[in-house]
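Working notes, beginning with the structure itself.
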Amino acid sequence: MKSPPEFVQLLHKRRIGRVTATDQGSGTRDTLAQLVTELHLLGGTASRAELTERLGRGRSVMGYLLSELTDRGVVTIDRATTSQPTHPTGRHPTGRPSTGRPSHQVTVAPSAPAVIAVHLDVDTVTVATVGLGGRVLTRHEEPVPATLDPLLDTLTARITTHLTAHGRILAVGLAVPSPVRRTDGRAVAALHLGWPAIPLRDLLTTRLPAATAGAAGPDGALPVLVGNDANLAGLAEHRHGAGRGARQLLYLTTAHVGLGGALVSSGRLFDGAHGYAIEPGHITVDPAGAPCSCGSTGCLEVEADHRGLLRAAGRTGLPVHEIAGAATALLEAAAGGDGPALAAVRHVAARLGSGLASLTNLTDPDRVVLAGSLARYHALAAGDLTTSLTARSFLSHADSDADPVGMITTAGLADAALLGAADLALQGLLDDPRGTIDRLPAAATAP
Ligand SMILES: [Zn+2]
């Protein structure tokens with residue numbers, strides 16, 4: 001994970017304060033944060049009964065907390081009773097059956113503070129306003145300008161538009177295809193964009209308008225937080241998607257070129273000493289393999305990304321902008337039963353299995369989420385992947401109860417990096433809803 005230290009510190013906190021209705025001190029603040037977090041994880045809507053159960057608090061405490069959130073314009077409460085909580089994904093997040101007891105429905109209010117999320121991809125940039133529960137309120141996607149200054153101009157214009165339209169914006173979160181230095185939000189190696197290291201957080205902060213409509217940081221500017229796209233996607237899958245409930249989630253993804261990932265451990269991103277962990281794409285799966293941009297050879301990312309797939313099919317030398325399309329066509333051919341295409345997929349799936357073996361040996365996950373084309377490899381050539389994984393898996397030999405194959409699943413979110421960028425920017429609200437809202441400018445404080 002590549003994110004500012006305050007975000008990591010906030011992730012590391014556990015809010016376990018237990019209060020009574022008469023305790024309105026720090027314990028209540030913790031409980032309010034826990035309530036907002038639960039509502040966020042439940043997709044922005046839940047029955048009052050379920051929230052009460054998940055917090056383990058009494059009905060009177062819940063009443064006090066909900067009235068505070070209502071006053072601040074964070075939630076609305078539907079007094080029409082419901083006995084069957086629902087979730088935007090169509091499944092009940094807890095997996096528990098409803099108690100059948102009628103309960104009021106608590107929903108994030110349209111006026112609730114929100115954040116602006118940006119996903120900078122190799123060929124497109126997406127800017128969205130996202131609210132609690134991971135609800136995308138507005139979304140705009142366009143091509144990425146070829147050079148940095150026009151891109152910064154585009155981002156500034158789009159973010160300003162979203163800022164003006166919503167009015168209660170807390171922060172901006174960006175997911176970028178680069179390791180990001182924790183101390184200053186510097187994107188150190190956007191190799192696939194062909195850029196040198198750029199101080200992305202500072203460049204954007206100085207360009208954005210004074211925080212008249214949104215929240216202001218200590219310097220008066222709208223807070224800008226930058227994170228690695230794969231890390232943020234992994235975080236989003238853990239909170240909202242296929243990684244829900246995992247104690248140790250290993251997330252791997254590939255899109256255009258390269259292979260990234262994340263490790264979410266006990267609910268928090270593992271991001272190393274400087275913010276650069278994890279870089280699963282640069283473990284070696286074939287010392288005699290293709291050269292990698294990192295200077296090594298046979299890295300997982302050059303053996304199992306789209307370039308690796310095309311190379312396995314005998315196709316090399318394609319321009320970068322044609323690689324994703326060609327790989328997608330190859331995957332479709334494999335799915336349609338084309339022998340050579342399927343052979344290429346099987347070769348790459350085995351490489352992915354080798355990489356997964358090393359990664360699971362290192363991290364002991366209870367769930368592995370594969371995203372992008374990695375999910376297609378798993379669907380088309382699961383046997384090759386799992387054979388390679390099992391043969392090299394320490395756990396397969398050490399613990400007869402371990403199931404390194406059974407823990408593999410595929411991603412559940414279409415916009416994981418964008419939602420992760422939103423979660424990065426929402427973290428302040430999740431940890432301190434009262435203080436965060438009260439720090440909004442006066443014009444934006446009232447719902
Ligand atoms: Zn490498």
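For the numbers below, each heavy atom of this structure counts, side chains included, while hydrogens, waters and symmetry mates do not. On a predicted model such as this, the values are computed, not experimentally measured, just so you know.
Side chain of Glu301 to main chain of Leu259: a donor-acceptor pair is present (N/O by atom type, distance under 3.5 Å, no hydrogens or angles). Listed for the Arg48 side chain is no donor-acceptor partner under 3.5 Å among the backbone atoms of Leu66. Side chain of Arg247 to backbone of Pro365: no donor-acceptor contact under 3.5 angstrom is found. No side-chain donor-acceptor contact under 3.5 Å links Thr386 to the backbone of Val405. With Thr254 contributing its side chain and Leu374 its backbone, the two residues share no donor-acceptor pair below 3.5 Å.
With values rounded to the nearest 0.5 angstrom, Ile323 atom CD1 is found 11.0 Å from Leu309 atom CG. Distance CD1/Ile116 to CG/Leu163: 5.0 Å, rounded to 0.5 Å. Separation of atoms CD (Glu38) and CG (Leu55) is listed at 6.0 Å; rounding is to 0.5 Å. A distance of 10.5 Å separates CG in Leu51 from CG in Leu65, rounded to the nearest 0.5 Å. Between atom CG of residue Asp432 and atom CG of residue Leu429 there is a gap of 8.5 Å, rounded to the nearest 0.5 Å. With rounding to the nearest 0.5 angstrom, the CZ atom of Arg201 is 7.5 Å from the OG1 atom of Thr183.
Pairs engaging residues 144-164 under the ring pair (Phe, Tyr, Trp, His ring centres under 6.0 Å) rule: none recorded [sequence neighbours left out]. Screening residues 352-367 for side chain to side chain donor-acceptor pair (under 3.5 Å), with sequence neighbours left out, gives Ser354-Ser388, Ser354-Arg392.
Thr107 is not listed as a side-chain neighbour of Val75, based on a closest heavy-atom distance of 4.5 Å or more. The shortest distance between side-chain heavy atoms of Val144 and Asp123 does not fall below 4.5 Å. Between Arg239 and Leu419 there is no side-chain heavy-atom pair separated by less than 4.5 Å. Side-chain contact between Leu155 and Val125 is present, with at least one heavy-atom pair separated by less than 4.5 Å. Residues Leu148 and Leu203 form a side-chain contact, since some pair of their non-hydrogen atoms from C-beta on lies under 4.5 Å apart. In this structure, the side chains of Leu424 and Val226 stay at 4.5 Å or more apart for every pair of heavy atoms. For the pair Leu232 and Asn228, the minimum side-chain heavy-atom distance is 4.5 Å or more. Inter-residue side-chain proximity for Val74 and Val108 is flagged as unmet; no heavy-atom pair is nearer than 4.5 Å.
Checked by atom type, the side-chain pair Gln105/Arg79 shows no donor-acceptor distance below 3.5 Å. For the residue pair His306 / Ser373, a side-chain donor-acceptor distance below 3.5 Å is found, with atom types taken as modelled. A donor-acceptor contact closer than 3.5 angstrom links the side chains of Gln427 and Asp431.
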Run the side-chain contact (heavy atoms from CB on, under 4.5 Å) check on His378 and Thr409 step by step: do they pass?
-> CA-CA 9 Å; His378 183 252; Thr409 187; over 6 Å; no
With side-chain contact (heavy atoms from CB on, under 4.5 Å) as the test, would you mind laying out the steps for Arg54 and Leu42 before giving the verdict?
-> CA-CA 11 Å; Arg54 288 171 74 103; Leu42 288 165; 3.7 Å; yes
Salt bridge (Lys or Arg N to Asp or Glu O under 4.0 Å) evaluation trace for Asp202 with Arg186 = CA-CA 8 Å; Asp202 292 346; Arg186 186 179 182 90; over 6 Å; no
Given side-chain contact (heavy atoms from CB on, under 4.5 Å), test Thr126 with Leu120 step by step and report yes or no.
-> CA-CA 7 Å; Thr126 307; Leu120 176 60; over 6 Å; no
Kindly indicate, with the supporting measurements, whether the criterion side-chain contact (heavy atoms from CB on, under 4.5 Å) is fulfilled by Ile159 and Leu208.
-> CA-CA 8 Å; Ile159 291 170; Leu208 287 172; 3.6 Å; yes
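Under the side-chain contact (heavy atoms from CB on, under 4.5 Å) criterion, Ala349 pairs with Tyr377, Ala381, Asp384, Leu385, sequence neighbours left out. Arg376 is linked by a salt bridge (charged side-chain N to carboxylate O under 4.0 Å, His left out) to Glu332, counting only residues two or more places apart in sequence or in another chain. Evaluation of the side-chain contact (heavy atoms from CB on, under 4.5 Å) rule for Thr124 yields Asp121, Glu141 as partners, not counting sequence neighbours. Applying the side-chain contact (heavy atoms from CB on, under 4.5 Å) test to Val264 and every residue at least two apart in sequence or in another chain returns His238, Leu249, Leu269.
The minimum heavy-atom distance linking Arg168 with Ala112 is given by the pair NH1-CA, 4.0 Å. Considering all non-hydrogen atoms of both residues, Cys294 and Cys299 come closest at SG-SG, 3.7 Å. Scanning both residues, Ala49 and Ser103, for their nearest heavy atoms gives N-OG, 2.8 Å. Smallest separation of non-hydrogen atoms from Ser111 and Gly73: OG-O, 3.2 Å. Across all non-hydrogen atoms, the minimal contact from Gly260 to Ala230 is C-CB, 3.7 Å. Taking both residues in full, the closest heavy atoms of Thr205 and Ala221 are given as CG2-CB, 3.7 Å, listed atom of the first, atom of the second, then distance.
With respect to the salt-bridge test (charged N to carboxylate O, under 4.0 angstrom), the residues Arg244 and Glu237 do not qualify. A salt bridge links Arg139 and Asp415; the closest N-O separation between the charged side-chain nitrogens and carboxylate oxygens is under 4.0 Å. A salt bridge links Asp305 to Arg307: one of the charged nitrogens lies within less than 4.0 Å of a carboxylate oxygen. Salt bridge Asp149/Arg207: present, at least one basic N to carboxylate O contact under 4.0 Å.
A centroid separation of 6.0 Å or more is found between the aromatic rings of His321 and His256.
Of the residues Val118, Leu200, Ile198, the one that meets the side chain to side chain contact (heavy atoms under 4.5 Å, CB included) test with Val176 is Leu200.
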